[in-house]
J.: 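My questions will all concern the structure given below.
Model, not experiment: these values are computed from the prediction. Whatever order the structure lists them in is the order used to number ligands and atoms, beginning at 1.
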Amino acid sequence: MITVNQLHPLFFGEIVGADLTAEPTEDLRQTVQDAMDRHGVCVVRQGPITDEEHIRFARLFGPLELPPGYGTRPRGRMAPELFFAGNLDLEGNIKPLTPASQNVAKGAERFHADSSFNPLPSKWSMLRGVECPPPEIGGDTLFVDLRAGYAALPQALKDRIDGKMGIHDFWMGRKYAGLEVTDEMKANMPMPPVHHPLVRVSGDGRKAVFVGGHCVGVEGMGEEEGHALVEEIYDIITQPEFIHRHHWTVGDIVIWDNRFALHAATPLDTDQYRRDMRRATINESGDEIDSYEYRRRQKESAA
Ligand code: OGA
Ligand code: MN
């Protein structure tokens, strides 16, 4: 018997009683789909599973978005289909804490939607706790619901964003977050900006405001005006009463809908504890592909 509880007054489901080590059933798929439609973010409470079981579960909901450079880069102990979030190197040893590593981590400490800077049709992320530091040490993940966020906006702001497109730019977002961005970094990883509607409507008719760390401006507005507007919205929707804080237990899988929720990492300012978190990323449609290959094919078909 699978049950779903709500853990925050506004959103965040807890799915209890699923067994992802067994062949997934239609009942499981439908229960998770319904819970995600309603809450936008859910934790599946369940014991440790393998990378293969994680990937099998993710594929019930759409094609995987593969990590950049899929098939060409060494991936160490992990299934190459998964993204890594944590403090371990490819061999699984803790990376020493340095100003540079802390600086990189800062990027995920702003609320964001995964891959919103990519032209792929992003759907969900599923992050699994393989090794988690105790909550008092750090490494919790924070979530906000973008439908509750939209509902909280003053009417004048809703009117200003109605029908407008947000500009999502990976490098600009990092710059605004105060991180170092060099021409060399940009040349090694060219990421032209993409546009997404600032207001999205979910299946049940609820509107969501789609901003977040990679959203740096508004199409048709000046750079400063657009940036100020998305920052104003960001500050409203990330107020404490909208945030759910997830303390990780080994085996948890937290699923978030990147179209209707934002998430943020919290600091882990120590290298005395291991954090091994693995993420499957799911698109709405299309081939299982990484974002570089997707951009390459886009360019090719435009040429
Ligand atoms: C991610 C992410 C946050 C965390 O995996 O996309 O932002 O707490 N993770 O690890
Ligand atoms: Mn993320």
J.: What's the separation between atom CD in Glu284 and atom OG in Ser122, rounded to the nearest 0.5 Å?
T.: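 Answer rounded to 0.5 Å: 8.0 Å.
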
J.: For the pair Lys123 and Glu65, find out whether any cationic side-chain nitrogen is under 4.0 Å from an anionic carboxylate oxygen.
T.: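 Between Glu65 and Lys123 there is no salt bridge, as every charged N stays at least 4.0 Å from the carboxylate O atoms.
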
J.: Salt bridge or not for Arg278 and Glu52, using N-O below 4.0 Å?
T.: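 No salt bridge links Arg278 with Glu52.
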
J.: Is the gap between the ring centers of His263 and Phe111 under 6.0 Å?
T.: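 No: the rings miss the under 6.0 Å criterion.
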
J.: One line per pair, note the atom names and distance for all nitrogen or oxygen contacts under 3.5 Å between ligand 1 and the protein.
T.:
unit_1: ligand 1; atom_1: 6 (O); unit_2: Asp114; atom_2: OD1; d: 3.0
unit_1: ligand 1; atom_1: 6 (O); unit_2: Asp114; atom_2: OD2; d: 3.2
unit_1: ligand 1; atom_1: 6 (O); unit_2: His263; atom_2: NE2; d: 3.3
unit_1: ligand 1; atom_1: 6 (O); unit_2: Arg279; atom_2: NH1; d: 2.7
unit_1: ligand 1; atom_1: 7 (O); unit_2: His112; atom_2: NE2; d: 3.2
unit_1: ligand 1; atom_1: 7 (O); unit_2: His263; atom_2: NE2; d: 3.1
unit_1: ligand 1; atom_1: 8 (O); unit_2: Thr141; atom_2: OG1; d: 2.6
unit_1: ligand 1; atom_1: 8 (O); unit_2: Arg275; atom_2: NH2; d: 2.9
unit_1: ligand 1; atom_1: 10 (O); unit_2: Arg275; atom_2: NH1; d: 2.9
unit_1: ligand 1; atom_1: 10 (O); unit_2: Arg275; atom_2: NH2; d: 3.2

J.: Are the charged groups of Glu23 and Arg56 less than 4.0 angstrom apart, N to O?
T.: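 Yes, charged N to carboxylate O under 4.0 Å.
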
J.: Could Arg297 and Glu300 be called an ion pair, given the rule that one side-chain N must be under 4.0 Å from one carboxylate O?
T.: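 Salt bridge flag = no for Glu300 with Arg297.
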
J.: Which of the protein's N, O or S atoms come within less than 2.8 Å of the Mn ion (ligand 2), not counting waters?
T.: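 As for protein N, O or S atoms lying under 2.8 Å from the Mn ion (ligand 2), they are His112 NE2, Asp114 OD1, His263 NE2.
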
J.: Run the side chain to side chain contact (heavy atoms under 4.5 Å, CB included) check on Phe210 and Leu198 step by step: do they pass?
T.: CA-CA 5 Å; Phe210 191 62; Leu198 276 168; 5.7 Å; no

J.: Does a side-chain N-to-carboxylate-O contact under 4.0 Å join Arg245 and Asp140?
T.: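 Yes, this pair counts.
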
J.: Answer yes when Arg275 and Glu131 have at least one side-chain N-carboxylate O distance shorter than 4.0 Å, and no when they do not.
T.: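 The answer is no: the pair does not qualify as a salt bridge.
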
